[in-house]
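Okay, so here's the structure we're looking at.
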Amino acid sequence: MTLADPYRDYCRLRDEANLLRQLRDAEPLAHGQVRRGGRDFVNLASNDYLGLSRHPALIQAAQAYAEAFGSGSTASRLVTGNHPAYAAIEERIATGKGKEAALLLASGYQTNLTVIAALADKAVVKRPVTILADRLVHHSILQGAVLSGARLQRFGHNDLYHLETLLQARRGEFVLIASESVFGMDGDRADLAALGELATRYGAMLYIDEAHATGVLGKDGFGLVADCPLAVDVAMGTFGKALGSFGSYIACSKLLRDYLVQRCGGLIYSTALPPPVLGSIAAALELLPNLVSDRAGLLELAEALRTALRGQGWDCGASTTQIIPVLVGAEAAVLELAARLEAEGFLVAAIRPPTVPAGTARLRLSLSAAHRPDDIARFITVMARLAVQFASAA
Ligand SMILES: Cc1ncc(COP(=O)(O)O)c(C=O)c1O
């Protein structure tokens, strides 16, 4: 056996199970479209929910910051990477979220990993630690739990009764409850007020990932935590999805922010966001409160699409947002459906285990305010035809 054999075997087995992941080129275009292999597609796979990645204000700000401050930040924020723009951006996030303070970090993945590990550090909280995570939370939250060394338990998706049972069993411990506010693969929402009530009653910390709510939902588009800031201890979000740029934030108390500056590896040991990215983030935050009709239009488009798909017999789960799953079940079937859609000019993500639970392979449709209504109308027509073909094949 050579050193390479186990990796080759792994990839072969993934391929045989229809689970092989592949990196394919995709050149972004305007109007929620993308070019691949010389062909243009309607892109129903991106998280550019407001179309901000192509907004002139973001592009100009990135260019201006690059001209003025260079292309890289050159060091971690604690060394020489703490650009003066951070203060205003963090102040804006904190105010928008209704929290005392905010802290920007590099990617959302890094944030979940290292903030959760720092918050759930047994050496610091001086009690046994348990992380209770919704069954459908993002991989990065689970990796944060692993890194913390805490006990990790999952509660049924949005199942508050199950969560309470687990909380009862962990009295006396330090407990961190982790959930998303809008679930990235299902497009449904958590009940933040109810989670907050449970957390308060059991003295637990509530950590909410707003990656898919930021920009789209809540007061002025600042996410669902903005509507109930007291319910949540730590709100995390990203700038790489609806805010059209890159990077991540948490909003929390001043004390937690001060603590994380001492203890959070992702902040301390990683190069800060580059100036052009800070420029785009600042521009996106300035635009955000004014995008009322974009947000409303996006959610209306999503509602119309969901209604049409359900009418054709597709299962869209419990989605109430711009993310719409089309639950198919089997891996081979979802790949076949995505391939048929690609042939018709639509790029759609076929999401398979382990990203989603076994038996729930699905298309993940994500809508954008940049999409042209005509393109979505054509998508509905194509899905109607495929519904008939798939029903007769089943
Ligand atoms: C729910 C959720 N949290 C965190 C992340 C990670 O964020 P980032 O892409 O900024 O690393 C993602 C990204 O897909 C996500 O969907």
Side-chain angles (χ1 to χ4, degrees), residues 21 23 26 28 43-50 52-53 89 93 97 102-117 119 131 133-147 154 157-158 176-190 192 195 206-218 223-225 232 234-251 264-267 270-274 277-278 280-281 284-285 319 321-325 349-352 354-357 362 364-368:
R21 294 179 160 122
L23 291 168
N43 186 2
L44 289 163
S46 107
N47 299 314
D48 191 12
Y49 303 128
L50 296 170
L52 290 189
S53 72
I89 294 174
I93 291 282
K97 287 277 185 197
L103 186 65
L104 262 61
L105 292 102
S107 75
Y109 193 95
Q110 184 169 316
T111 299
N112 279 339
L113 204 69
T114 61
V115 169
I116 290 175
L119 293 174
I131 294 175
D134 186 287
R135 194 165 92 87
L136 297 188
V137 291
H138 192 258
H139 180 72
S140 52
I141 293 180
L142 302 177
Q143 290 300 303
V146 170
L147 188 61
R154 320 286 295 271
H157 178 49
N158 276 337
L176 185 143
I177 302 169
S179 179
E180 296 179 28
S181 58
V182 168
F183 285 86
M185 293 299 138
D186 292 76
D188 59 344
R189 308 177 196 207
L192 297 189
L195 283 171
L206 182 57
Y207 183 100
I208 296 294
D209 180 328
E210 296 239 80
H212 297 279
T214 304
V216 177
L217 296 166
L224 292 175
V225 172
V232 174
V234 181
M236 168 274 177
T238 65
F239 300 111
K241 302 185 195 295
L243 295 197
S245 177
F246 183 76
S248 168
Y249 67 83
I250 60 153
C264 175
L267 178 88
S270 185
T271 301
L273 290 171
V277 167
L278 290 175
S280 315
I281 292 174
L285 290 174
S319 158
T321 65
Q322 77 283 3
I323 301 164
I324 306 177
I351 309 284
R352 293 158 287 159
T355 305
V356 291
R362 82 265 322 256
R364 175 186 182 268
L365 310 176
S366 51
L367 289 176
S368 169

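We count ligands from 1, going down the list as the structure has it; atoms in each ligand are counted the same way.
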Side chain E210, main chain V225, donor-acceptor under 3.5 Å: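 Flag set: sc E210 to bb V225 pair under 3.5 Å.
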
Check: Q110 side chain, G266 main-chain N or O, donor-acceptor pair, under 3.5 Å: yes

Where A133 and L142 come nearest, the two heavy atoms and their spacing: CB-CD2, 4.3 Å

Heavy-atom closest pair, residues M236 and T111: CG-CG2, 3.8 Å

Parallel, tilted or perpendicular: rings of H138 and Y109 (30°, 60°): perpendicular

Geometric class of the H157/F183 ring pair [parallel <30°, tilted 30-60°, perpendicular >60°]: perpendicular

Near ligand 1, at a heavy-atom separation below 4.0 Å: residues by chain and residue number: S107, G108, Y109, N112, H138, S140, E180, D209, A211, H212, M236, T238, K241

